[in-house]
Amino acid sequence: MPTIETDEHKSLRQAVAALGKRHGRDYDREQLWSEAAKLGYLGVNLPEAYGGGGGGITELSLVLEELGAAGAPLLMMIVSPAICGTVIARFGTESQKQEWLPALADGTRTMAFGITEPDAGSNSHRITTTARRDQETGDWLLSGRKVFVSGVDIADATLVVGRTEDSRTGRLKPCLFIVPRDAPGFGRRWIEMELSAQEKQFELTLDDVRLPADALVGDEDAGLLQLFAGLNPERIMTAAFAIGMGRYALSRAITYAKERTVWNSPIGAHQAIAHPLAQAHIDLELARLMTQKAAHLYDAGDDVGAGEAANMAKYAAGEACVKAVDQAVHTLGGNGLTKEFGIASLITAARVARIAPVSREMILNYVSHQTLGLPKSY
């Protein structure tokens, strides 16, 4: 596994960074999404046969990180091409691939992802959204609730995680369904968030939503394999999102520390300012290395190894992001809380990387019993 980026990856970083700089912190989401799509960045991880770039999560995470470092992150990149596009590319029927992948790659269509439920939280084994067959027509009937689903209002469909009942054992198994935005019985309620983000959060209700048989993505007996094919890229992309945010905040703080002069010298000359910024940079770089490892393992087809690394990357990036943002605001003092400098809003946004899509405590649980072999406490 390479630890040094290739020339192609370095060139991609430079090109995406230039795009992000042109749009800046006050970017228009639709315009940036459209331009990123035209340049081939949105579908860089999707198969060439379906209009994508033929790369992987390695390249897509790089794109998201650089846009975030420019202050212009596109949250739906985590959901639409990374989760939904990956799942459809790996497990979808030929018809599903033809219908969705080219459109996801060129940005003309987007797809949301619904997994979290009010009573299940991080425990995906307790999902209660249930799909049952209509024996007469062969259709699926999907019922349940989801919360904290990003971008449902701008997405053409939502990839919903439900459960089908195994008639042989009576056990419920996770399956994924493509639910069109205008499907009868598919409702949404906007969740007001104290979070500065262009993408809105929603609660979904599914009241016997009737779906054709071909709305099922993959095999209804595949279970967790298909689910984690989407969740591992989600963790890797969230790490990239956090690293980009941390880099943006750190950059603003470094510029300020060079220019702000007190007692005849820039405040950045003082170790009390310089050392915490240096430490924040080191933490972000270390998190990036783990993110690159996770992405390379996933792209190489090592789902087990990628699962461990993706969780570690998401943990490391979340912690590094929160610390970088906090130190950036502290470096600017009172100016760090003003709209003029534009980093105070990141205090709340940075917490997202610690909480979603899985909390840092659940990652520590995973590492303690999966990696270290310690007994479970739950």
Quiz item: Hey, mind stepping through Asn335 and Tyr256 against side chain to side chain donor-acceptor pair (under 3.5 Å) and telling me if it holds?
Solution: CA-CA 10 Å; Asn335 284 328; Tyr256 187 87; 2.9 Å; yes
Got more than 12 heavy atoms from elsewhere within 6.0 Å of CD, Glu30?
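Not buried by this count: 12 neighbours or fewer within 6.0 Å.
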Pairwise side-chain contact, [X] with [Y], heavy-atom cut-off 4.5 Å (strictly under):
X: Leu67; Y: Pro73; value: no
X: Met312; Y: Thr371; value: yes
X: Arg210; Y: Phe186; value: no
X: Val152; Y: Thr158; value: yes
X: Phe202; Y: Val147; value: no
X: Arg13; Y: His9; value: no

For the pair [X] (side chain) and [Y] (backbone), establish whether a donor and an acceptor sit closer than 3.5 Å, ignoring hydrogens and angles.
X: Ser251; Y: Arg247; result: no
X: Tyr50; Y: Ala103; result: no
X: Arg235; Y: Lys314; result: no

Between Ala324 and Ala249 the two heavy atoms that sit nearest each other are O-CB, 4.4 Å
State whether a side-chain donor-acceptor pair under 3.5 Å links [X] with [Y].
X: His23; Y: Gln31; answer: no
X: Glu5; Y: Gln292; answer: yes
X: Arg25; Y: Ser345; answer: yes
X: Glu194; Y: Thr348; answer: no

When Thr130, Asp208, Thr128, Thr129 are each screened for side-chain hydrogen bond (donor to acceptor under 3.5 Å, both in side chains) with Ser143, the one that passes is Asp208
Could you state the interatomic distance from [atom1] ([X]) to [atom2] ([Y]), rounded to the nearest 0.5 Å?
X: Asn45; Y: Leu42; atom1: CG; atom2: CG; result: 9.5 Å
X: Met111; Y: Ile83; atom1: CE; atom2: CD1; result: 11.5 Å
X: Gln198; Y: Ile154; atom1: CD; atom2: CD1; result: 9.0 Å

